[in-house]
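Take a look at the structure set out below.
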Amino acid sequence: MTTLKLKYGVISTDEHVQEAPEVWTSRMSKAQFGDDIPQIREMPDGSEAWFIANAPPAKARVKHSVASVAAAMVPRNAVPRRWEDVPKNTYVPSERLKAMDVDQVDTHTFFPNIAGFSNQRFQEEGSEEFRLACIQAYNDWLVEEWTTFSPRYIAQTLAPMWNVEMAVGEVHRSVKNGHKALIWHGAPEVFGLPHFNESHWDPIFATCQELDIPMCLHLGAVPVLESWKGYTPQTGAAMSATRAISSQIQIIANVLFSGVLDRFPRLKVIMVESGIGWIPYVLELADHEYHNLGVAGEGLATRPSEAFKRQVYANFWYEQFGLQNRYDIGVDNIIYETDFPHPTSTWPNSKAIREKTMEGIPADERKKMLMTNAIKLYKLDVDTSALDGRA
């Protein structure tokens, strides 16, 4: 394990890596999978899009989808039509480090773009062999091109949800190769798989507990209401980002009442990219209903707020309200993110924004939320000798 020498004392825990054009074409057998291999192709209008299993993503049929890199674009929020428009700091490791230094963060923790934020993209399309090869190629790419390049990059593995035994094997393989967490789906039932709460998934929960890696449940795992067609692009995007937390509220409510946290009391779960301001009320509501409806008598041993503070984490990136209510969430349960290069990212102004949001917070609490909580969660080997008393 290579030691991470901290420069800023800021561990960022939710960013997206833009997959490069050769991620799958250079790692999957052309003879075996042919044109099904994920690749970039030209669309009829001259733009480019990713094709997977020889078909473009549904969104590519109505808008450009060669990359999701809005925060890095010039001007910001422009849409890249072709790969040549995609900023290199979203997919080239050496350029990414420069973007991180602008924000003064020590790490980027990777969630995919094309492969799916919530481990969903390769769960249904194509043969089992094809889907597994896609997942393994992505996982290997993160190690070969990113974490071996710099200890400032944190890899998180995808896994084949359609086969629990296979998923357990891929988690073990990836962790052995250096991955620090599992990207999972908070509602596998939307794929026609067993419900998240079913004992069917216990081998996955047990594996994460055994390996002491967090299970990351990214925003957007369950459907939300359809958007109004009359929104302008930017207004529609703002509305969608605002309402998206409703999907995560559904997920965390289910996690807290599922019994999974009782069965696996050392399992760590991260609620990713949904902020923290909503958490105090949801915990208050969950506790009220837990007592009001006598849930303990039905076998759920742990009060929802207690289970949360024991096992659940969430990241913030711009919020003041959530931090003002940090004691109701748990200072030990809060970690930091920048969400680069997505539209809601604070880049390139993350340093100024986090200083504003954390104004007046004691140094020891800042240090936990910006650094030490995540170091413990991801089991990072760090050297703090270069820090000069910063959080």
Side-chain angles (χ1 to χ4, degrees), residues 3-16 71 96-111 150-156 180-181 213-214 216 218-219 268-280 308-309 311-342 344-391:
T3 299
L4 169 61
K5 296 182 179 180
L6 300 183
K7 296 194 295 183
Y8 308 113
V10 180
I11 304 297
S12 192
T13 59
D14 169 34
E15 283 73 35
H16 291 261
R96 186 70 169 239
L97 291 177
K98 298 175 185 177
M100 294 162 64
D101 287 337
V102 170
D103 265 354
Q104 295 193 20
V105 298
D106 288 294
T107 65
H108 272 185
T109 303
F110 289 140
F111 290 82
S150 172
R152 295 177 67 182
Y153 298 129
I154 298 174
Q156 305 183 115
K180 297 290 188 181
I213 61 168
C216 302
H218 196 284
L219 183 77
K268 300 295 189 291
V269 176
I270 306 177
M271 309 304 294
V272 182
E273 202 182 310
S274 50
I276 60 175
W278 53 275
I279 293 174
F308 184 96
K309 291 184 178 180
Q311 295 177 250
V312 182
Y313 299 77
N315 37 35
F316 78 99
W317 67 109
Y318 62 87
E319 302 168 79
Q320 291 180 287
F321 182 80
L323 290 174
Q324 290 167 6
N325 293 277
R326 60 193 179 277
Y327 301 129
D328 295 309
I329 301 166
V331 173
D332 293 335
N333 302 80
I334 299 172
I335 54 180
Y336 175 71
E337 67 164 296
T338 68
D339 195 31
F340 182 83
H342 280 186
T344 59
S345 177
T346 50
W347 190 87
N349 302 308
S350 300
K351 182 179 185 295
I353 291 172
R354 70 174 172 263
E355 288 299 321
K356 179 180 179 181
T357 61
M358 304 194 86
E359 186 176 358
I361 294 178
D364 62 328
E365 296 179 8
R366 287 169 56 100
K367 184 177 180 181
K368 281 188 174 185
M369 293 185 286
L370 291 179
M371 185 172 72
T372 55
N373 290 345
I375 289 171
K376 293 177 182 177
L377 187 58
Y378 284 97
K379 301 196 305 295
L380 303 180
D381 179 19
V382 299
D383 176 356
T384 62
S385 61
L387 300 181
D388 57 4
R390 289 168 289 183

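When all heavy atoms are compared, the tightest approach of Lys180 to Lys379 is NZ-O, 3.6 Å. Of all heavy-atom pairs spanning Pro214 and Leu377, the tightest one is CD-O, 3.7 Å. The two residues Cys216 and Tyr378 have their closest heavy-atom pair at SG-OH, 4.1 Å. Scanning both residues, Gly275 and Ala314, for their nearest heavy atoms gives O-CB, 4.1 Å.
Thr13 contributes a side-chain N or O that, together with a main-chain N or O of Tyr336, makes up a donor-acceptor pair within less than 3.5 Å. With hydrogens and angles disregarded, a donor-acceptor distance shorter than 3.5 Å links the side chain of Trp347 to the backbone of Ala99. In terms of modelled atom types and a separation under 3.5 Å, the side chain of Asp328 and the main chain of Pro280 share no donor-acceptor contact. Although no hydrogens or angles enter the test, the distance criterion places no donor-acceptor pair under 3.5 Å between the side chain of Asp106 and the main chain of Ile11.
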Test side chain to side chain donor-acceptor pair (under 3.5 Å) applied to Thr3 and Asp381, step by step: CA-CA 5 Å; Thr3 299; Asp381 179 19; 2.9 Å; yes

If you apply the rule side chain to side chain contact (heavy atoms under 4.5 Å, CB included), what do you find for Lys5 with Thr384, and how did you get there? CA-CA 6 Å; Lys5 296 182 179 180; Thr384 62; over 6 Å; no

Let me see the working for Tyr327 and Glu365 under side chain to side chain contact (heavy atoms under 4.5 Å, CB included), right down to the final yes or no. CA-CA 10 Å; Tyr327 301 129; Glu365 296 179 8; 2.7 Å; yes

Steps toward side chain to side chain contact (heavy atoms under 4.5 Å, CB included) verdict (Thr109, Gln156): CA-CA 8 Å; Thr109 303; Gln156 305 183 115; 3.5 Å; yes

When you look at Lys351 and Lys356, which way does the side chain to side chain contact (heavy atoms under 4.5 Å, CB included) test go after all the steps? CA-CA 9 Å; Lys351 182 179 185 295; Lys356 179 180 179 181; over 6 Å; no

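Between Ser350 and Asp103, the side chains place a donor N or O and an acceptor N or O closer than 3.5 Å (distance only, hydrogens not considered). Donor-acceptor pairing under 3.5 Å is recorded for the side chains of Glu15 and Thr338. Inspection of the Arg152 and His108 side chains reveals no N or O donor paired with an N or O acceptor under 3.5 Å. Side-chain atoms of Tyr318 and Glu337 include no donor-acceptor pair closer than 3.5 Å. Asp339 and Thr344 share a side-chain donor-acceptor pair at under 3.5 Å.
In this structure, the side chains of Val382 and Met371 stay at 4.5 Å or more apart for every pair of heavy atoms. Contact annotation: the side chain of Val331 approaches that of Met369 to within less than 4.5 Å [non-hydrogen atoms, C-beta and beyond]. Side-chain contact between Leu4 and Thr107 is present, with heavy atoms from C-beta onward closer than 4.5 Å. Phe110 places a side-chain heavy atom less than 4.5 Å from the side chain of Arg96. Side-chain contact check for Phe308 versus Ile279: some heavy-atom pair is nearer than 4.5 Å. Looking at Leu6 and Ile375, their side chains come closer than 4.5 Å, going by heavy atoms from C-beta outward. Within the 4.5 Å cutoff, side-chain heavy atoms of Val105 are placed close to those of Arg354.
A salt bridge between Glu355 and Arg366 is present, with a side-chain N of the basic residue lying under 4.0 Å from a carboxylate O of the acidic one. The existence of a salt bridge linking Lys368 and Asp332 is confirmed by a sub-4.0 Å separation between a basic side-chain nitrogen and an acidic carboxylate oxygen. Between Lys7 and Asp101 there is a salt bridge, since a side-chain N of the basic residue sits under 4.0 Å from a carboxylate O of the acidic one.
Summarising the geometry, atom CD1 belonging to Ile276 is positioned 4.5 Å from atom CG belonging to Leu323; distances are rounded to the nearest 0.5 Å. Here Gln324 contributes atom CD and Thr357 contributes atom OG1; the two are 10.0 Å apart, rounded to the nearest 0.5 Å. With rounding to the nearest 0.5 Å, the separation of OG in Ser274 from CG in Asn315 is 7.0 Å. Residue Asp14 holds its CG atom at 5.0 Å from CZ of Phe111, rounded to the nearest 0.5 Å. Annotation: the span from Asn325 atom CG to Glu319 atom CD amounts to 10.5 Å, rounded to 0.5 Å. Summarising the geometry, atom CG belonging to Asn333 is positioned 6.5 Å from atom OH belonging to Tyr313; distances are rounded to the nearest 0.5 Å.
Aromatic ring pairs are classed by plane angle as parallel below 30°, tilted from 30° to 60° and perpendicular above 60°; the pair His16 and His342 is parallel.
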